[in-house]
Amino acid sequence: MNVTSSPTASAEVVVAVHDLTKRFGRKLVHEHIDLNIHQGEILAIVGGSGSGKTTLLREMVLLQQPTSGSVQVLGQEISRLSEAEILRVRRRIGVLFQNGALFGGLSVLENVGAPLREHTDLSNHLIDEIASMKLALVGLAPADGLLYPNQLSGGMRKRAALARAIALDPELLFLDEPTSGLDPLSADAFDELVLHLKSALDPTIVLVTHDMDTLWHVADRVVLLGEGRLLAEGSMRELARSRDPAVVRFFQGPRGRAAQASV
Amino acid sequence: MSAAKKQSPQTATLKLEGATLVCAGYWTVRNLHRLETDLKHLRWPAGPIRLELAAVARMDTGGAWMLQRLLATLEREQHEVELHGLSPKAAGLLELVRGSGLRAGEVLRPLRPGMLEALGRSSLDIAQRGLGLVAFIGEMGAAGMRQLLHPGRIRWREIVNSLAEAGHRALGIVGLLSFLLGIVIAYQGGVQLRLYGGSLFVADLVGLSMVRELAPLITAIIVAGRTGSAYTAQIGTMQVTEEIDALRSMGIAPMELLVLPKLLALIIALPLLTVYADIMGVLGGMVMSSVQLDIAFSTYIDRLLVAVSVESYLVGVGKAPVFAAIIATIGCYQGFQVVGSAESVGRRTTVSVVQSILAVIVVDAAFSIAFSRLGI
């Protein structure tokens, strides 16, 4: 399945990053980045290790403050928000962390139910039902809900974490390296799962990944980060045709070509 | 935009009009609690029910699940149901939650064992942990023997590091606490002794109680809280991050690298700390006696030398290596008991501190009884 319908410029902008600069001490992570993410698209952020992908993601999910520049999430300028407003924006965002970040002391079902328990007044029973339903959506069996995170395989852990990320039906879903550490079959299945959730729940999805297959199969649009800047952006087809040396280096390695051939 | 939202807060509503249930508003997970309570109080008329959903502005999977639940209830009560005005998107969501194959009102719950079973399980668990501890001590002994036979394999560097960590860095807190303890004993005892004109005996009081009992005990308790817990946390975290397995796979016995140096270092450090605590305690008593009872330092020390025999001193210091062995063993053993998560590290660390302090006090009591039987 390959979605090439690149969203039109008229689609509502969900995340607007403008002139963003981030420094850690002397180290410049990125500089003057501009990026708009449109309603309903699946945007992939790629780049070599240390190119600041995850930092950019963390700035968009309000976990890190940029040094300068502005980030607007769901129409709100986040540097101007109060604590309470930030909380309200966060409730509309789901994040899948790289290693799942499931709470070790809670069962899978309780993990998925945790945001519901925190942000709604539903009865425990209904919360458990909705959590079980979310588990079913990500392809886990009801019995898996009783397991604890350390009893799960890597693929199951990612699925459980995804179920938790979509617990509140977020409008905006961030996935940090969704397929890292998965075997190729599980990674393919996870890509399918992301597309399935996209068609069922229609969130805007931002993912950070290295996985060439994910880029070809899932992403509508790809932005390439490097040297602290946005090096290129476009659909994978466009990037594959690009002659920009940085783009060619990144996408035309053996893995990139293999992934392209499999489309 | 946010102002408009404040004026018309998003809510989800339902109203029963005759045999028609009118659903409206935002059927999203944040608004469901009202629906949940409202639905409980509905009295359904007999016969077919019509669900009018045209006024539902938004629905998410939570809302769809609520709808599915409602349909299941109606079906169970044998009403015929007609759905009207369901938007295509909502219909898709309903289809999605139906496809999960989950039955409304049904959640798999962990089996809670009965009381007898729980009792049996926890007894078994305690027995297993006890046996595990015995096995651990055995392993430690075996590893220690191996090292004695091959002294080249003794990890001096780890021992020295542990010694610095457990001994040298504990000097401040051990010194301060025993000094204060000496002051308190001298003050409380001095007030009483003065009534009987026996102020000078404050040196006996402070000297004997510190040297025989309190210095070894308070040092052991501080070290259990400070060092025993660190042992558990360190080994436990290494267990979680698979560092222990990495050591094993490299052919390095964790026992030799992690446990024995800690044990040995603590057995050396604790008696030394105890001696230090003796000195600081006696010093505290001396200062307090001089301030409160006007006893000169030289008089105090003369009396101390008469009151505290070498025997008493050795009894006190002699207990310290035993306490050290207990603390190191329990600390390391609990570290290896960690499974899985960060939470387990925290739990085991607590258990480690509680158990080692308890064991130290029990063993101290046993020592007291044994010494008094032996007439020491």
Less than 4.5 Å to any heavy atom of chain A: does that hold for the side chain of B/Leu93, its backbone, both, or neither? side chain
Could you look at A/Ser107 and say if it's the side chain, the backbone, both or neither that has a heavy atom under 4.5 Å from chain B? neither
More than 12 non-hydrogen atoms from neighbouring residues, nucleotides or ligands closer than 6.0 Å to CD on A/Glu77, yes or no? yes
Check for a donor-acceptor pair, side chain of B/Glu36 on one end and backbone N or O of A/Leu122 on the other, with a separation under 3.5 Å. no
A/Ile130 side chain reached by B/Leu32 side chain, heavy atoms, under 4.5 Å: yes
On a heavy-atom basis, the closest approach of A/Arg91 and B/Arg30 is O-NH2, 4.0 Å
Within a 6.0 Å radius of atom CD on B/Glu75, are there more than 12 heavy atoms belonging to other residues, nucleotides or ligands? no
Heavy-atom cut-off 4.5 Å, strictly under: side chain, backbone, both or neither for B/Val339 against chain A? backbone
If you tally heavy-atom pairs under 4.5 Å between each of A/Asn150, A/Ile166, A/Asp202, A/Leu135 and chain B, the highest tally belongs to A/Asn150
For atom CD of B/Glu77, is the number of surrounding heavy atoms from other residues, nucleotides or ligands below 6.0 Å larger than 12? yes
Test item: B/Val29 and A/His119 side chains (from C-beta on) under 4.5 Å apart, heavy atoms: no
Start with the C-alpha distance between B/His33 and A/Leu126, add both sets of side-chain angles, then the distance that settles side-chain contact (heavy atoms from CB on, under 4.5 Å), and finish with yes or no. CA-CA 9 Å; B/His33 62 278; A/Leu126 188 57; over 6 Å; no
Should the heavy atoms of other residues, nucleotides or ligands under 6.0 Å from CD of B/Glu17 be counted, would the total exceed 12? yes
Most contacts with chain B, counted as non-hydrogen pairs under 4.5 angstrom, among A/Asp121, A/Leu116, A/Leu168: A/Asp121
Most contact-rich option vs chain A, by heavy-atom pairs under 4.5 angstrom, among B/Thr61, B/Leu96, B/Asp60, is B/Thr61
Just wondering, more than 12 heavy atoms not from B/His84 lying within 6.0 Å of its NE2? yes
